[in-house]
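Below: one structure, written as structure tokens.
Just so it is clear, the structure is predicted and the values come from calculations on it, not from any experiment.
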Amino acid sequence: MRERGPFYATSRIWGLVAILTLLVAGCESPEAPKPAPVSDLSAEKRILSQLTKYEDAIRHMDYDAAADLFIANGKLLNPGRPEIEGRELIRVFLKSFNGFKVIENSDQANSTVVEGKSAQQSGTYAQTVTIPEGDTVHVQGKFEAWWVLDYDGEWRLARLETTPTQ
């Protein structure tokens with residue numbers, strides 16, 4: 001067996017000290033302040049507020065405001081129509097309803113589940129609309145919404161899917 005000199009033992013000790021120092025430095029001090037976590041309830045309230053903004057934007061036919069509630073590559077899905085992807089295409093689609101008059105619009109969330117920076121929401125909607133030909137129609141159905149916390153701290157729609165029941 002080869003004999004090792006004093007430098008070998010000293011370098012091993014300093015190596016161990018260096019590792020222990022890194023481990024201790026990486027540990028969080030119990031006195032260190034921790035950021036307060038955003039509660040799911042707080043996030044859920046903010047998402048419900050965003051849903052109300054969407055509901056109001058549709059009721060007032062403010063399609064720019066409605067489209068701005070989507071992320072840049074958000075998706076809008078309606079049965080029988082191709083998927084609409086992108087905030088600008090959603091805006092164009094919504095503006096195609098300029099000849100319609102929304103009399104009533106209601107969105108009711110039945111469930112909102114928040115997981116970190118994303119959430120899934122399901123609920124019902126109902127609308128009473130006067131169509132360009134002058135008839136008034138009532139439509140209702142279910143919706144599924146997928147929300148994400150956007151880079152600016154606002155909850156936005158990543159995907160909104162509606163399914164009429166009538």
Side-chain angles (χ1 to χ4, degrees), residues 19 21-129 131 138-166:
I19 290 171
T21 302
L22 289 173
L23 287 173
V24 170
C27 293
E28 197 172 352
S29 165
E31 292 80 38
K34 296 181 182 178
V38 176
S39 73
D40 285 353
L41 183 58
S42 172
E44 184 177 340
K45 285 181 181 179
R46 290 176 59 206
I47 292 166
L48 290 171
S49 173
Q50 292 294 84
L51 180 64
T52 299
K53 286 180 185 177
Y54 184 80
E55 175 185 37
D56 291 344
I58 297 298
R59 182 183 307 112
H60 294 105
M61 300 182 72
D62 185 348
Y63 301 128
D64 289 324
D68 288 341
L69 288 166
F70 284 83
I71 61 173
N73 63 343
K75 297 177 182 179
L76 181 61
L77 291 92
N78 294 299
R81 294 184 179 259
E83 177 180 287
I84 303 162
E85 183 174 354
R87 184 184 298 142
E88 295 311 312
L89 290 177
I90 291 170
R91 186 182 324 277
V92 168
F93 170 75
L94 293 174
K95 284 184 177 184
S96 72
F97 292 94
N98 275 338
F100 293 70
K101 181 175 188 294
V102 179
I103 298 167
E104 292 178 354
N105 184 57
S106 168
D107 297 316
Q108 179 65 45
N110 298 328
S111 167
T112 304
V113 178
V114 180
E115 292 183 14
K117 294 182 178 184
S118 64
Q120 186 172 355
Q121 186 175 61
S122 60
T124 57
Y125 70 90
Q127 285 184 336
T128 303
V129 179
I131 61 174
H138 181 77
V139 293
Q140 62 187 30
K142 297 178 182 181
F143 73 86
E144 291 287 328
W146 290 263
W147 298 87
V148 294
L149 191 57
D150 210 356
Y151 68 92
D152 62 357
E154 290 290 335
W155 286 95
R156 295 200 196 305
L157 287 160
R159 179 183 171 108
L160 177 61
E161 186 173 343
T162 60
T163 307
T165 56
Q166 214 179 18

Carefully, step by step, assess Leu149 and Arg46 under the rule side chain to side chain contact (heavy atoms under 4.5 Å, CB included). CA-CA 10 Å; Leu149 191 57; Arg46 290 176 59 206; 4.0 Å; yes
CD on Glu161 to OG on Ser122, rounded to 0.5 Å: 12.0 Å
Might you work through the salt bridge (Lys or Arg N to Asp or Glu O under 4.0 Å) test for Lys117 and Asp150, ending with a clear yes or no? CA-CA 8 Å; Lys117 294 182 178 184; Asp150 210 356; over 6 Å; no
Atom pair NZ/CE of Lys95 and Met61 - distance to nearest 0.5 Å: 11.5 Å
Give the intermediate values and the outcome of salt bridge (Lys or Arg N to Asp or Glu O under 4.0 Å) for residues Asp68 and Arg91. CA-CA 8 Å; Asp68 288 341; Arg91 186 182 324 277; 2.9 Å; yes
Keeping Gln120 on the side-chain end and Val113 on the backbone end, is there a donor-acceptor pair under 3.5 Å? no
Can you tell me if Gln108 uses its side chain to pair, donor with acceptor, with the backbone of Gly123 under 3.5 Å? no
If we ignore hydrogens and angles and just use 3.5 Å, is the side chain of Thr52 paired with the main-chain N or O of Leu48 as donor and acceptor? yes
Can you find a heavy atom in the side chain of Ser49 that is under 4.5 Å from one in the side chain of Trp155? no
Run through Thr165, Thr124, Thr128 and flag the one making a side chain to side chain contact (heavy atoms under 4.5 Å, CB included) with Gln140. Thr165
Any chance you could measure Gln121, atom CD, to Phe143, atom CZ, to the nearest 0.5 Å? 4.5 Å
I'd like to know if the side chain of Arg87 and the backbone of Phe70 have a donor-acceptor N/O pair within less than 3.5 Å. yes
Flag, side chain of Asp62 to backbone of Ala65, donor-acceptor distance under 3.5 Å: yes
Beyond-backbone contact of Glu154 with Gln50, side-chain heavy atoms, under 4.5 angstrom: yes
Can you tell me how far the OH atom of Tyr54 sits from the CZ atom of Arg156, to the nearest 0.5 Å? 14.5 Å
Min side-chain heavy-atom separation Leu160-Leu77 under 4.5 Å: no
Would you call Lys53 and Asp56 a salt bridge, taking side-chain N to carboxylate O under 4.0 Å as the test? no
Can you find a pair of side-chain heavy atoms, one from Phe93 and one from Asn78, that are under 4.5 Å apart? yes
Leu157 CG to Ile47 CD1 distance, which is reported to the nearest 0.5 Å: 9.5 Å
In terms of heavy-atom contacts, Ile58 and Val102 come closest through O-CG2, 3.6 Å
Test side-chain hydrogen bond (donor to acceptor under 3.5 Å, both in side chains) on Gln127 and Asn105 and set out the steps. CA-CA 4 Å; Gln127 285 184 336; Asn105 184 57; 3.0 Å; yes
When rounded to the nearest 0.5 Å, the distance separating OG1 of Thr112 from CG of Leu51 is 7.5 Å
Just so I know, are the side chains of Tyr63 and Asn98 near enough to count as touching, which here means a heavy-atom distance under 4.5 Å? yes
Closest non-hydrogen atom pair between Pro79 and Thr163, with its separation: CG-CA, 4.1 Å
